[in-house]
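Basis for what follows: all heavy atoms, side chains included, without hydrogens, waters or symmetry-related copies.
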Amino acid sequence: GHVRVRDPGERRRAIYGLGFVAGPGAVPVLRGLLAERGLAAYASDALRRAVERGVAGAEAASTRYAGPRAPGPLPPPLW
């Protein structure tokens, strides 16, 4: 099953981590998070890292995203 995390800081940390380990199944999740204020920058950054790792579907999702992007790789969210 899925665990619903409501704390924004925990969500940012989870999204950040997905960029390092996520496979193709996480791409739709990250794509959906691009629409969430406060999480979009981390979702975009996670997709960027997924593209760098050659994850299927990540490049298409990242290319379609027209919202704001971080000027460079984001640091890990603060604990």
Inset, instruction - Quick one: do R11 and R6 satisfy side chain to side chain contact (heavy atoms under 4.5 Å, CB included)? Show the steps, please. - result: CA-CA 7 Å; R11 293 183 80 195; R6 301 208 187 282; 5.9 Å; no
Legend entry - R69 and R48, any side-chain heavy atoms less than 4.5 Å apart: no
Legend entry - Backbone of E59 reached by a side-chain donor or acceptor of T63 within 3.5 Å: yes
Inset, instruction - Drop me the distance from L39's CG to L34's CG, to the nearest 0.5 angstrom. - result: 10.0 Å
Inset, instruction - Check whether V51 and V55 end up in the same hydrophobic cluster, where Ile, Leu, Val, Met, Phe, Trp and Tyr are linked by side-chain heavy atoms less than 4.5 Å apart. - result: no
Inset, instruction - Might you point out which heavy atoms bring R13 and D7 nearest each other, and give the distance in Å? - result: NH2-OD2, 4.1 Å
Inset, instruction - Check whether any side-chain heavy atom of L74 sits under 4.5 Å from a side-chain heavy atom of Y42, and report yes or no. - result: yes
Inset, instruction - Examine distances only and state if a side-chain atom of R12 and a backbone atom of P76 form a donor-acceptor pair shorter than 3.5 Å. - result: no
Legend entry - CG on L33 to CZ on R31, rounded to 0.5 Å: 11.0 Å
Inset, instruction - Examine R49 relative to F20 and say whether NZ or CZ is less than 6.0 Å from the centre of the six-membered ring and inside a 45° cone about the ring axis. - result: yes
Inset, instruction - Please round to the nearest 0.5 Å and tell me the distance separating atom CG of L18 and atom CG of D45. - result: 12.0 Å
